[in-house]
Amino acid sequence: MLPEGLTTPVTARIKNKRAASPAEAVADVKDGSVVMVGGFGRGGVPEILIDALCDKGVKGLTIISNNTGTHETGIARFLKQGCVKKMICSFPFATESNVFRDLYNAGKVDLEVVPQGSLAERIRAGGAGLGGFLTPTGVGTELAQGKQILTVNGREYVLELPLRADVAIIRARQVDPRGNLTYRMAGRNFNPVMCTAADKVIVEAIEEVELGSLDPEVIITPGLYVTRYVVAGKYSSRV
Amino acid sequence: MLPEGLTTPVTARIKNKRAASPAEAVADVKDGSVVMVGGFGRGGVPEILIDALCDKGVKGLTIISNNTGTHETGIARFLKQGCVKKMICSFPFATESNVFRDLYNAGKVDLEVVPQGSLAERIRAGGAGLGGFLTPTGVGTELAQGKQILTVNGREYVLELPLRADVAIIRARQVDPRGNLTYRMAGRNFNPVMCTAADKVIVEAIEEVELGSLDPEVIITPGLYVTRYVVAGKYSSRV
Amino acid sequence: MNVAALAKVLLTSEQLAKRVALELEDGWLVNVGIGMPTQCLPFVPADRDVQFHSENGIIGMARPPKDLKHADNDLLSAGKGPVTLLQGGSFVHHADSFAISRGGRLDAAILGAYQVAVNGDLANWRLPKARTGSVGGAMDIAVGAKRTFAMMTHVTKDGESKIVNKVSYPMTAQRSVTKIFTDMAVVAVMPEGLVLEEYVEGLTPADVQAATEPKLIIPKTVKPIRF
Amino acid sequence: MNVAALAKVLLTSEQLAKRVALELEDGWLVNVGIGMPTQCLPFVPADRDVQFHSENGIIGMARPPKDLKHADNDLLSAGKGPVTLLQGGSFVHHADSFAISRGGRLDAAILGAYQVAVNGDLANWRLPKARTGSVGGAMDIAVGAKRTFAMMTHVTKDGESKIVNKVSYPMTAQRSVTKIFTDMAVVAVMPEGLVLEEYVEGLTPADVQAATEPKLIIPKTVKPIRF
């Protein structure tokens, strides 16, 4: 916490970012949206918000996420329900990604494979207002095909373009009324960068805490990025 | 701290990164080095390491730092002692930067002015192994002169190139034997990005703590970036 | 109007700060530049939740410590004055701080200005005769904020209009200013041109036009500045 | 040598993991890829301080929990198996995690491979007949690590050399592999060509050459693999 005398209390009423339910939290997500989904494998995946979006029956999504789901859970739920038009990811064909594999082989879903570091960096660039970046990753490979190659100081780089989304759905550990977030171990993964790169950021947090109870030094995602949140503890014990 | 059963103790002897003194910490910094110096104004400035470098009498440095010092302290000490060949910074002429102003007007030091956000991002790019990035900052201004302009999706961007350094000197709050760092309020500023972009990273920390006593979730700079450190508390009470 | 009479009607810098502060809406995140803009902080109406961003990684920058013995070098504004943190605020490093501004997360930025042009071009970072200047974060912030408010005196010490047809001072950011707040007027930068929204009491819209290089659009809704 | 006799002398995947682990030096930060490379972790000599980086933002990835009831979805390896954190470890987000690898902070990366060429070109991310594949972090890691160790069987199931003059499988990263560890040999990728450093007991350097497409340089210092 801050040293004595360095905190100013909030006097104005602050906007309530807490949604009454997961269904309400995702109510304004439109068909055809580009949706970033946090998580890596089974870690830090916003399962409750995925379920809520599925229950809503949204269609034609482009999903940006590292993986394509684990058996019937996570993004596989989206896929199984036919919500997804296209996946942008780095690791589509894990052993447990049987749902995606079947759909892809049947020609029912489009796929863009991006190297994992370039995927994370493209999302960061989208959030940081950059027009792109030069990376050595992918030079001389088929994943650089159709992309501009620039030579800087004698070394070749691929120009990768930013990624942004209409909506990001995020799994966090703690949230306060501002929307300040912490994460849980490797559940952090893509979540913080995705928070920066979407027009609307919807969070499920394991725990809600009071304003001022998070040490300002340990907040990973400042609340300014967060549109609204639900408290996961109330709806599920899945961690 | 981590949940039960998820921590593995260190059994091997880990390398001692603690230097016996500030003089020893900077002993191998060579004349003509490019040196990143953390800090913004008077916040988060590694004063003790600056003093140690001045006492060593190093010459011909290129300094990358946001400012040029406050009266006789901080980078002004380098400047006054004639250690500096060139400054790369965003805000050279603050009212309190009289030492730099006089030297610059006398033609005794070179200057490259970089917009502050581009300076931070160039350092980050240097640390992240990128070949550059496209920013809207500076388009149509004299600070884009001589730089490549690229058009992406109809918008013009300046191609900014990465910055790296031989040495970074850094001010932190806590350090553990691995070199894991936390920072102190806005004393964080450029310090974490500079840690990533220098071949050698020398830290002064206010406080040294035992291995395992920092919550893994609150470490801002992983120790892998840190070459060695001194404990500032022993040498100065300046905070 | 002679100089002495004019001086009596122009807004003081405190009055100007009050007027700009009124422009900040409930729920906004706002960056304030060095100098005059910092003066706006205390004048935000108490019922509005406005958070301030400082380029040096402070989200929720607030007034100086009530007791200055608590002032801390590690909690300073961009202008290097001691500040505090609003409850629920946080800190980020410099690259993340500028990701906030370039990434379009600032609802507004309040910046000082030497000149603003009809098309919103901003010049605020160096004087033409200087060899170079201190750009700081101005370029990144002006280019990224959703709204950029220029806050300045209406004319130079030599009486020249700082609102211009084309900036002659070194450019900070093209087409970035959305509204101009001066000691004489509030002027919106619109696609159709500069719209005079408010003028200081004691002057007429025609007086403001006389002190302004470009032609102003003066709508029927034009009114005296209130703060 | 017939297939049955050969199978007896080749390293098991555990023996191979032991040999690769021996290559990791005190003080190194090492990324381990999915699959075989993960098996190296427990075999690092106890007196060496080696930290493992996992692409999903773990610095100090360590062995699985001793009691698997502590296994946690938020602490998994890149291959999605439960792990623990070494005391003094930390977590970073994905962009920062790949800044570590691209930024040259990995002393070594251990990656599985389909093919490695004489010049160090690596193919490990998709089979030629597949329409596409799961690249994961392989390209970023191979391009950024100071040393890239390929860990694989020496030949395919059809008996073809996986060490080749030119990769025919889709490229992962050009000129990236610095050393090849197989069930038959340890081969260094040097500017002058492929140098056979070690061979499995029961074979001769000539046997290894016979199973290898490119010409190997066989120095006098060549010796049996120990682990």
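Residue numbers begin at 1 in each chain, while the letters A, B, ... track the order of the sequences.
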Next item on the list: With the side chain counted from C-beta on, respond yes when B:Ile14 and D:Gln51 share a heavy-atom pair under 4.5 Å apart, and no when they do not.
Entry: no

Check: Between D:Gly89 and B:Ile219, what is the shortest heavy-atom contact and its length?
Finding: O-CD1, 3.7 Å

Check: Ignoring hydrogens and geometry, is there a side-chain-to-backbone donor-acceptor pair from B:Asp176 to D:Gly88 under 3.5 Å?
Finding: no

Checklist line | Most contacts with chain D, counted as non-hydrogen pairs under 4.5 angstrom, among B:Val218, B:Ile220, B:Thr196, B:Leu214 | finding: B:Thr196

Next item on the list: Go through D:Gln87 and B:Leu2 one step at a time and tell me if the side chain to side chain contact (heavy atoms under 4.5 Å, CB included) criterion holds.
Entry: CA-CA 10 Å; D:Gln87 193 180 30; B:Leu2 294 195; over 6 Å; no

Notebook entry, point to check: Of the backbone (N, CA, C, O) and the side chain (C-beta and beyond), which part of D:Leu85 lies under 4.5 Å from a heavy atom of chain B, both, or neither?
Noted result: both

Checklist line | Proximity breakdown for D:Ile59 and chain B, heavy-atom pairs closer than 4.5 Å | finding: side chain

Check: Side chain, backbone, both or neither: which part of D:Val83 has an atom under 4.5 Å from a heavy atom of chain B?
Finding: backbone

Notebook entry, point to check: Can you name the nearest heavy-atom pair linking B:Pro9 to D:Arg63, along with the distance?
Noted result: CD-NH2, 4.3 Å

Notebook entry, point to check: Where do D:Ala46 and B:Ala12 come nearest, in terms of heavy atoms and distance?
Noted result: O-CB, 3.5 Å

Next item on the list: Could you pull out the closest heavy-atom pair between B:Arg13 and D:Asp26, with the gap in Å?
Entry: O-OD1, 4.4 Å

Checklist line | Closest contact, heavy atoms only, B:Gly5 versus D:Pro65 | finding: O-CB, 3.8 Å

Note to self: Quick check: closest heavy atoms across B:Leu6 and D:His70, and the distance to 0.1 Å?
What the structure shows: CD2-O, 3.2 Å

Notebook entry, point to check: Do other residues, nucleotides or ligands put more than 12 heavy atoms under 6.0 Å from the NZ atom of D:Lys223?
Noted result: no

Next item on the list: Tell me, for B:Ala125 versus chain D, whether the close heavy atoms (under 4.5 Å) come from the side chain, the backbone, both or neither.
Entry: neither

Note to self: Given heavy-atom pairs under 4.5 angstrom as the criterion, report whether the side chain, backbone, both or neither of D:Asp47 touches chain B.
What the structure shows: backbone

Checklist line | Residue selection (most heavy-atom pairs with chain D, distance under 4.5 Å) from B:Thr8, B:Thr7, B:Asp215 | finding: B:Thr8

Notebook entry, point to check: Can you find a heavy atom in the side chain of B:Leu130 that is under 4.5 Å from one in the side chain of D:Arg102?
Noted result: yes

Check: Under a 4.5 Å heavy-atom cutoff, which of B:Pro216, B:Ala128, B:Gly126, B:Ser213 has the most pairs with chain D?
Finding: B:Ala128

